[in-house]
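Everything on this sheet refers to the single structure shown next.
All values reported here derive from a predicted model rather than from experimental measurement.
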Amino acid sequence: MQELKAKGVSKGISIAPIRVLNRESEIAPRKSDSKDQERQKLKMALARANEKLEAIKVKIEGEESEIFSAHQMMLEDPEVLDRIDNYIEEGYVAEYSVFCAKNELKEIFNAMDDEYFRARANDIEDVLSRVIRIIEGKEGSDLDGEYILLSDELYPSETLEMDFKNIKGIVTLRGSVTSHTTILANNLKIPAIISLQIGDINEYDGKLAIIDGKEGDLIIDPSDKVLDEYKNKIEQIKIREHELLSYKNRPAITKAGKKISVYANIGSDIEAELAHENGAEGIGLFRSEFLFLGRASAPDEEEQFRAYKNAVNYMNKKPVIIRTLDIGADKQVSYLNLKEEDNPQMGLRAIRISLKDIELFKIQLRALLRAAAFGSLKVMLPMIISVAEVKKTREIIEDCKRELDEKNIAYGEIELGVMIETPAAVMIADELAKVSDFFSIGTNDLVSYTLAVDRTNNELDEFRDDYHPAIRKMIKMTAEAAHKNNIEVGICGAMGADPNMLDFYIEIGIDELSVSVSKVLDLKEMIINR
């Protein structure tokens with residue numbers, strides 16, 4: 001018996017034999033005598049890839065289907081196609097041209113600070129690797145029987161093409177907690193672990209294993225005693241899942257009568273549907289920047305309007321808080337011409353970009369106003385450090401309303417809130433509350449800025465302390481300022497789901513906690529039983 005440890009990203013326990021998925025990682029550079037021939041090969045491969053993705057969508061519904069719609073859009077993205085064609089123009093064969101373009105785009109996403117956007121590199125890998133396999137005539141086939149899938153890395157379309165009903169667990173050597181594969185695993189209730197540190201994965205093919213997605217455990221060739229132990233755990237999990245369903249439609253109210261709304265954090269409009277189905281009472285953070293990355297130009301007003309409207313409709317009149325563009329030098333997009341910065345965390349980002357590029361900001365605000373006509377939509381400003389930034393935004397919103405009136409375009413009223421994620425915002429929270437409709441505390445950045453700890457630097461983990469007394473004092477100060485001015489205050493950072501902080505949140509009167517979709521029911525249960 002061999003016990004291995006990794007990072008759990010989708011809870012659950014399964015017992016099944018391991019099946020190893022391997023793929024070639026390198027393509028040798030080769031030249032072609034005909035650029036036209038290579039472009040024709042690429043055109044046929046893109047069409048075939050689109051057909052395969054459409055076939056996957058037919059089998060599934062909801063968020064998973066939308067993931068592959070996004071993949072289809074990548075096949076038509078001018079920036080993607082131009083990068084490929086540049087290599088074909090240099091005389092390279094189609095498969096090598098796609099390979100080089102794929103690596104360039106992955107490098108762009110992997111260089112970004114935000115883990116959510118670094119995870120988009122997986123989508124690039126998934127889509128363009130499919131195109132390469134089609135060009136090379138290596139489209140692959142399904143694996144038979146129930147199994148735990150072991151791979152260096154796994155892409156969402158591969159999961160579905162293998163018939164996910166047979167996949168009892170997913171184990172990868174790489175990956176991300178915010179990747180689409182992780183989302184799929186959670187949605188499909190497949191246990192999954194990532195960052196497994198092992199040697200040659202092929203030696204594990206066919207071996208019986210136990211995967212524990214919550215603890216991050218992989219047990220190879222388990223003993224009979226361990227097998228019986230985990231079979232009992234599986235039965236307990238089934239009982240637990242049934243119990244949690246009873247909290248889906250219940251408001252999160254403590255035994256003492258304190259109401260704390262439980263919202264969900266999402267990264268796309270289609271995730272709002274998943275949040276609604278899992279009992280979220282609203283959306284506490286919609287990261288709008290996902291619309292702006294991995295493309296050659298900014299999304300226009302219509303595209304943004306559709307995404308925001310979809311999220312509002314999915315939530316069926318429950319509140320949706322959308323954060324305006326939170327992008328900067330750490331999340332490069334070529335069309336904004338952002339300069340490289342030595343310290344992007346404290347550079348030109350978020351609201352600073354929006355207030356420098358007013359037209360870009362107005363396009364987003366008009367789209368948000370229009371979507372507000374379909375439900376309860378609130379707008380949240382990131383990285384606020386002054387009252388002037390909020391007042392200026394309100395002036396721009398009024399300008400947007402006049403522009404929509406002139407065109408006779410319907411819109412709704414929106415509440416305007418700010419993220420409290422810098423010490424400066426905490427210290428002037430009382431003044432900010434007078435010009436804001438609500439607060440949302442972004443604990444991830446607040447901890448980093450307060451403790452001077454870069455949250456992307458693993459070597460500083462020992463210095464990052466979410467329970468530092470300064471952090472508690474700042475959260476309490478913010479809550480007091482909000483309530484003094486009769487506005488609500490929520491938490492949308494990772495600390496919102498921390499059970500060790502829940503009593504503190506109740507004590508100081510936090511009104512709303514926004515967590516990942518998978519943690520909504522667990523949090524509701526904790527609050528209701530307090």
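A tilted orientation is assigned to the rings of Phe374 and Phe305, their planes being inclined by 30° to 60°.
Between the side chain of Glu421 and the backbone N or O of Met383 there is at least one donor-acceptor pair closer than 3.5 Å. A donor-acceptor distance shorter than 3.5 angstrom exists from the side chain of Asp437 to the backbone of Leu416, with no hydrogens or angles considered. With hydrogens and angles ignored, the 3.5 Å screen pairs no side-chain donor or acceptor of Thr254 with any backbone N or O of Ile528. Not a single donor-acceptor pair under 3.5 Å links the side chain of Arg472 to the backbone N or O of Phe504. The backbone N or O of Ile487 sits nowhere less than 3.5 Å from a side-chain atom of Asn485 that would complete a donor-acceptor pair. Between the side chain of Gln304 and the backbone N or O of Pro299 there is at least one donor-acceptor pair closer than 3.5 Å. Distance alone, capped at 3.5 Å, is enough to place a donor-acceptor pair between the Asn529 side chain and the Glu525 backbone. Under the 3.5 Å distance criterion, the side-chain polar atoms of Ser448 are matched with a main-chain donor or acceptor of Asn444. With hydrogens and angles ignored, the 3.5 Å screen pairs no side-chain donor or acceptor of Glu301 with any backbone N or O of Arg366. Judged purely by atom type and a 3.5 angstrom limit, Ser10 uses its side chain to pair as donor or acceptor with the backbone of Ile190.
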| said: Could you go through His483 and Ile508, starting from their C-alpha distance and side-chain angles, then the distance that decides it, and tell me whether this counts as side-chain contact (heavy atoms from CB on, under 4.5 Å)? | reply: CA-CA 10 Å; His483 295 145; Ile508 65 174; over 6 Å; no

| task | Step by step, work out the side-chain contact (heavy atoms from CB on, under 4.5 Å) result for Ile441 and Val489. | result | CA-CA 7 Å; Ile441 303 172; Val489 57; 4.0 Å; yes

| query | Tyr411 and Glu403: side chain to side chain donor-acceptor pair (under 3.5 Å), yes or no, with the steps? | reply | CA-CA 11 Å; Tyr411 61 86; Glu403 292 170 1; over 6 Å; no

| side-chain contact (heavy atoms from CB on, under 4.5 Å) assessment of Thr324 paired with Phe361 | CA-CA 8 Å; Thr324 59; Phe361 199 19; 4.0 Å; yes

| task | Using the side-chain contact (heavy atoms from CB on, under 4.5 Å) rule, take Leu513 and Ile491 through it: C-alpha gap first, then chi angles, then the decisive distance, then the call. | result | CA-CA 5 Å; Leu513 296 172; Ile491 292 178; 4.0 Å; yes

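Partner of Thr478 under the side chain to side chain contact (heavy atoms under 4.5 Å, CB included) criterion, out of Asp430, Ile420, Leu446: Ile420 alone.
By the 6.0 Å contact criterion, NZ on Lys519 is open, its count of non-hydrogen atoms from other residues, nucleotides or ligands being 12 or less. Remark: Lys258 NZ is packed, more than 12 non-hydrogen atoms of other residues, nucleotides or ligands lying under 6.0 Å away. The local environment of NZ in Lys318 is crowded, with over 12 non-hydrogen atoms from other residues, nucleotides or ligands closer than 6.0 Å. Within 6.0 Å of the CD atom in Glu107, the count of heavy atoms belonging to other residues, nucleotides or ligands does not exceed 12. In Lys259, the NZ atom is crowded: over 12 heavy atoms of neighbouring residues, nucleotides or ligands sit closer than 6.0 Å. For Met427, the CE atom is loosely surrounded, since the number of other residues' heavy atoms within 6.0 Å does not exceed 12. Within 6.0 Å of the NZ atom in Lys434, the count of heavy atoms belonging to other residues, nucleotides or ligands exceeds 12. Annotation for Lys401: atom NZ counts as buried by contact number, over 12 foreign heavy atoms lying within 6.0 Å.
Under 4.0 Å is where a charged nitrogen must lie from a carboxylate oxygen, and between Arg370 and Glu302 at least one such pair does. By the 4.0 Å N-to-carboxylate-O rule, Asp405 lies too far from Arg402 to be salt-bridged with it. One finds a salt bridge joining Arg240 and Asp522 here, because a Lys/Arg side-chain nitrogen approaches an Asp/Glu carboxylate oxygen to under 4.0 Å. Salt bridge annotation for Arg530-Asp503: present, with a cationic side-chain nitrogen under 4.0 angstrom from a carboxylate oxygen.
For the atom pair CG (Asp326) and CG (Asp445), the distance works out to 7.5 Å, reported to the nearest 0.5 Å. Expressed to the nearest 0.5 Å, how far CG of Leu404 lies from NZ of Lys362 amounts to 10.0 Å. Note that NZ of Lys524 is 10.0 Å distant from CD1 of Ile253, once rounded to the nearest 0.5 Å. The distance from atom CD1 of Ile321 to atom CD of Glu512, rounded to the nearest 0.5 Å, is 5.0 Å. The distance from the CD atom of Glu389 to the CG atom of Leu432 is 8.5 Å, given to the nearest 0.5 Å. Put simply, CD on Glu303 and OH on Tyr308 are 9.0 Å apart, with the number rounded to the nearest 0.5 Å.
The minimum heavy-atom distance between Arg323 and Pro382, with the atom names listed, is CD-CB, 3.8 Å. In terms of heavy atoms, Gly284 sits closest to Cys492 at O-CB, 4.4 Å. The minimum heavy-atom distance between Ile351 and Thr393, with the atom names listed, is CD1-OG1, 4.0 Å. Ser376 approaches Lys317 most closely through the heavy-atom pair CB-O, 4.0 Å. In terms of heavy atoms, Gly490 sits closest to Ile510 at CA-CG2, 4.4 Å. Heavy-atom minimum distance, Ile124 versus Lys102: CG2-O, 3.8 Å.
Taking the side chain as every heavy atom from C-beta outward, Asp511 and Phe438 never approach each other to under 4.5 Å.
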